[in-house]
S.K.: 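Below you will find the structure I want to go over with you.
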Amino acid sequence: MANIAKLFTVRANTLLQAAARQPQVATRFSSTANNWEFIKTEVTGEKNNVAVITLNRPKALNALCNGLMKELSTALKAYGKDANISAIVLTGSEKAFAAGADIKEMAPNTYSQCIQGNFLNDWTEVARTQKPIIAAVNGYALGGGCELAMMCDIIYAGDKAKFGQPEIALGTIPGAGGTQRLTRVVGKSKAMEMCLTGNMINAQEAEKVGLVSKVIPADQLLGEAVKLGEKIGTHSNLIVQLCKEAVNTAYETTLQEGLKFERRTFHATFSTADRKEGMQAFVEKRPAKFTSE
């Protein structure tokens with residue numbers, strides 16, 4: 001427990017216009033110049049349609065300070081408006097995705113400051129982003145880092161990744177979704193065990209309980225996450241956005257409400273040019289040429 005505490009301490013509204021992407025065989029990276037202090041950004045892939053955001057506070061194990069979260073929010077908003085971007089990959093270093101919130105920055109806060117400043121409210125841009133976000137998690141994803149990964153749509157984990165909510169060891173509880181998203185994903189018993197003990201789980205157990213969708217060798221993780229983004233980019237960006245919203249509705253509402261939302265969204269696709277093109281291409285046995293219309 002002492003080691004956990006020590007590690008944790010240091011660390012369809014708008015429809016976007018874009019061209020569809022065809023399947024890719026290889027992955028290449030092209031750097032994008034920027035003046036970020038706490039993150040790095042680049043655009044990658046044969047069609048330059050996958051954005052990669054890398055958390056970049058290596059000495060602090062990518063601890064999530066306010067400056068980092070503001071830069072992350074700004075980058076996500078920019079990529080969300082970029083019609084050339086089909087998917088976003090969020091990653092850290094091989095040692096740590098993010099070892100938690102910046103405890104030194106957080107420690108002086110008082111109850112009244114948290115309430116009046118609505119503390120952590122601006123951490124939710126990842127969950128609000130309409131484009132698919134893939135978390136590529138290597139190393140530690142603890143506390144706020146685990147919560148940040150769970151805000152993403154898909155989690156790929158390196159084979160040495162570790163996940164946990166050790167806030168209990170610091171005399172507090174998760175505050176950015178750890179008790180809520182984790183419970184919905186892994187169930188009450190496992191979430192209780194993780195949140196009440198602060199114990200970590202490894203990548204293999206995280207896959208077993210459904211927290212991550214795939215475990216990959218650490219040195220191949222980012223490339224596989226980008227390939228997933230490129231695969232998503234071969235489809236209509238418009239329909240991908242609608243599908244993401246439908247899945248999130250299942251996650252956030254009752255079965256009956258979700259089924260109703262799904263059916264109405266399915267019906268709505270029949271007003272789109274991409275639905276017509278997709279079905280026509282299938283009948284004609286040719287690749288579809290989507291226009292996100």
S.K.: Take Tyr79 and Thr129 through the test side-chain contact (heavy atoms from CB on, under 4.5 Å) and record every step on the way to the result.
M.R.: CA-CA 9 Å; Tyr79 285 132; Thr129 300; over 6 Å; no
S.K.: How long is the straight-line distance from CG of Leu222 back to CG of Asn138, given to the nearest 0.5 Å?
M.R.: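 Rounded to the nearest 0.5 Å, the CG-CG separation comes to 9.0 Å.
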S.K.: Of all the heavy-atom pairs spanning Trp123 and Gly144, show the shortest one and how long it is.
M.R.: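 Where Trp123 meets Gly144 most closely, the heavy atoms are CZ3-CA, 4.4 Å.
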S.K.: When you measure from the side chain of Arg184 to the backbone of Gln180, do you find a donor-acceptor pair of N or O atoms at a distance under 3.5 Å?
M.R.: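 A pair under 3.5 Å: yes.
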S.K.: For Lys131, is there any backbone N or O sitting under 3.5 Å from a side-chain donor or acceptor partner on Lys244?
M.R.: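 Yes: the side chain of Lys244 pairs with the backbone of Lys131.
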S.K.: Roughly how far, to the nearest 0.5 Å, is CD1 of Ile134 from SG of Cys152?
M.R.: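 It is 9.0 Å, given to the nearest 0.5 Å.
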S.K.: Begin from the C-alpha positions of Glu230 and Lys227 and carry the test salt bridge (Lys or Arg N to Asp or Glu O under 4.0 Å) through to its verdict.
M.R.: CA-CA 5 Å; Glu230 290 188 293; Lys227 287 180 182 178; over 6 Å; no
S.K.: Are the side chains of Asn248 and Asp153 in touch, meaning some heavy atoms are under 4.5 Å apart?
M.R.: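 When only atoms from C-beta onward are counted, Asp153 and Asn248 do touch, with a gap below 4.5 Å.
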S.K.: Can you name the nearest heavy-atom pair linking Gln204 to Val215, along with the distance?
M.R.: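 Closest pair (atom of Gln204, atom of Val215, distance): NE2-CG1, 3.9 Å.
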S.K.: Is there side-chain contact between Leu228 and Lys214, with heavy atoms separated by less than 4.5 Å?
M.R.: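 They are not in side-chain contact.
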S.K.: When rounded to the nearest 0.5 angstrom, what distance separates CG in Leu76 from CE in Met151?
M.R.: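 So the CG of Leu76 and the CE of Met151 are separated by 11.0 Å.
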S.K.: Do any N or O atoms from the side chain of Asn62 and from the backbone of Ala96 form a donor-acceptor pair under 3.5 angstrom?
M.R.: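 Here the side-chain-to-backbone pair exists.
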S.K.: Give a yes or no answer on whether the side chain of Glu147 reaches the backbone of Gly178 with a donor-acceptor pair at less than 3.5 Å.
M.R.: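 Answer holds: yes.
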S.K.: Grab the two heavy atoms, one from Phe38 and one from Leu68, that are nearest each other, plus how far apart they are.
M.R.: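 Looking at all heavy atoms of both residues, the shortest contact is CD1-N, 3.4 Å.
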S.K.: Determine, step by step, whether Leu72 and Met69 satisfy the side-chain contact (heavy atoms from CB on, under 4.5 Å) criterion, reporting the C-alpha distance in whole Å, the side-chain angles of both residues, the deciding distance to 0.1 Å, and the verdict.
M.R.: CA-CA 5 Å; Leu72 176 58; Met69 295 307 294; 4.1 Å; yes
S.K.: To check you understand the geometry: which heavy-atom pair defines the closest contact between Gly143 and Pro166, and what is its length?
M.R.: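 Looking at all heavy atoms of both residues, the closest pair is N-CD, 3.5 Å.
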S.K.: Do the side chain of Ser213 and the main chain of Ile154 share a donor and acceptor less than 3.5 angstrom apart?
M.R.: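 No, because the side chain of Ser213 does not come within donor-acceptor range (under 3.5 Å) of the backbone of Ile154.
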S.K.: Please test Leu211 against Phe163 for side-chain contact (heavy atoms from CB on, under 4.5 Å), starting from the C-alpha separation and ending with a verdict.
M.R.: CA-CA 9 Å; Leu211 181 59; Phe163 299 83; 3.9 Å; yes
S.K.: Please name the pair of heavy atoms, one in Ala288 and one in Gly278, separated by the smallest distance, quoted to 0.1 Å.
M.R.: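 Looks like CB-CA, 4.2 Å.
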S.K.: Counting only N and O atoms by type, is there a donor-acceptor contact under 3.5 Å from the side chain of Glu277 to the main-chain atoms of Lys289?
M.R.: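 Between the backbone of Lys289 and the side chain of Glu277 there is a qualifying donor-acceptor contact (under 3.5 Å).
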S.K.: Rounded to the nearest 0.5 Å, what's the gap from CG on Leu90 to CD1 on Ile39? Could you check?
M.R.: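 The CD1 atom of Ile39 is 9.0 Å from CG of Leu90, to the nearest 0.5 Å.
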S.K.: Output all residues satisfying side-chain contact (heavy atoms from CB on, under 4.5 Å) with Thr110, sequence neighbours left out; order by chain, then residue number.
M.R.: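 Thr110 satisfies side-chain contact (heavy atoms from CB on, under 4.5 Å) with Ser112, Gln113 once adjacent residues are dropped.
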S.K.: Would the distance check show the side chain of Thr249 and the main-chain N or O of Glu245 forming a donor-acceptor pair, the cut-off being under 3.5 Å?
M.R.: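 Present.
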S.K.: Between Gln130 and Gln241, is there a donor-acceptor pair closer than 3.5 Å when you use the side chain of the first and the backbone of the second?
M.R.: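 Not at all, since once roles are kept as given, no pair shorter than 3.5 Å links the two residues.
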S.K.: With rounding to the nearest 0.5 angstrom, report the NE2 to OG distance, His235 to Ser86.
M.R.: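 If I round to the nearest 0.5 Å, the distance is 10.5 Å.
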S.K.: Evaluate Lys260 against Glu257 for salt bridge (Lys or Arg N to Asp or Glu O under 4.0 Å), listing each step before the verdict.
M.R.: CA-CA 5 Å; Lys260 181 178 179 180; Glu257 287 298 317; 5.7 Å; no
S.K.: Could you pull out all residues at least two apart from Cys195 that satisfy side-chain contact (heavy atoms from CB on, under 4.5 Å)?
M.R.: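 With neighbours one apart ignored, the set is Gln165, Pro174, Thr179, Leu182.
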S.K.: Would you call Phe290 and Asn237 a side-chain contact if the rule is heavy atoms closer than 4.5 Å?
M.R.: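 No - every pair of side-chain heavy atoms lies 4.5 Å or more apart.
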S.K.: Under the side-chain contact (heavy atoms from CB on, under 4.5 Å) test against Lys40, which residue among Thr91, Thr54, Ile53 passes?
M.R.: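 Among the candidates, only Thr54 passes.
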S.K.: May I ask you to test the Leu55-Leu148 pair for a side-chain heavy-atom distance under 4.5 Å?
M.R.: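 With C-beta onward as the side chain, the pair touches.
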S.K.: Excluding sequence neighbours, so at least two apart, what forms ring-ring contact (aromatic ring centres under 6.0 Å, His included) with Phe266?
M.R.: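 Phe266 satisfies ring-ring contact (aromatic ring centres under 6.0 Å, His included) with Phe270 only.
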S.K.: Less than 4.5 Å apart, any side-chain heavy atom of Ser73 and any of Lys77?
M.R.: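 Yes, their side chains come closer than 4.5 Å.
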S.K.: Measure the CD1-SG distance between Ile103 and Cys65 for me, rounded to the nearest 0.5 Å.
M.R.: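 Taking CD1 in Ile103 and SG in Cys65, the distance rounds to 12.0 Å.
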S.K.: Can you confirm whether Thr41 sits close enough to Trp36 that some side-chain heavy atom of one is under 4.5 Å from a side-chain heavy atom of the other?
M.R.: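 Yes, their side chains come closer than 4.5 Å.
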S.K.: Run the side-chain contact (heavy atoms from CB on, under 4.5 Å) test on Val43 and Asn84 for me, step by step, so that the C-alpha distance in whole Å, both residues' side-chain angles and the decisive distance to 0.1 Å come before the verdict.
M.R.: CA-CA 10 Å; Val43 174; Asn84 295 313; over 6 Å; no
S.K.: So for atom CE, which belongs to Met192, do other residues, nucleotides or ligands contribute more than 12 heavy atoms lying within a distance under 6.0 Å?
M.R.: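 12 or below, so no.
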S.K.: Show the nearest heavy-atom pair for residues Ile133 and Val126, with the distance to one decimal.
M.R.: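 Scanning both residues, the minimum pair turns out to be CD1-O, 3.6 Å.
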S.K.: Okay, side chain of Asp274, backbone of Thr291: is any donor-acceptor separation there less than 3.5 Å?
M.R.: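 Pair found, side chain donor or acceptor close to backbone of Thr291.
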S.K.: Would you confirm whether Ser236, through its side chain, and Leu238, through its main-chain N or O, come within 3.5 Å as a donor-acceptor pair?
M.R.: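 Checking the backbone N and O of Leu238 against the side chain of Ser236, a donor-acceptor pair under 3.5 Å is found.
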S.K.: Evaluate Glu125 against Arg128 for salt bridge (Lys or Arg N to Asp or Glu O under 4.0 Å), listing each step before the verdict.
M.R.: CA-CA 5 Å; Glu125 189 61 36; Arg128 291 197 298 263; 2.8 Å; yes
S.K.: Is it true that Tyr251 and Met150 fall in one hydrophobic cluster, defined by side-chain heavy atoms closer than 4.5 Å?
M.R.: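 Yes; Met150 is reachable from Tyr251 via cluster members.
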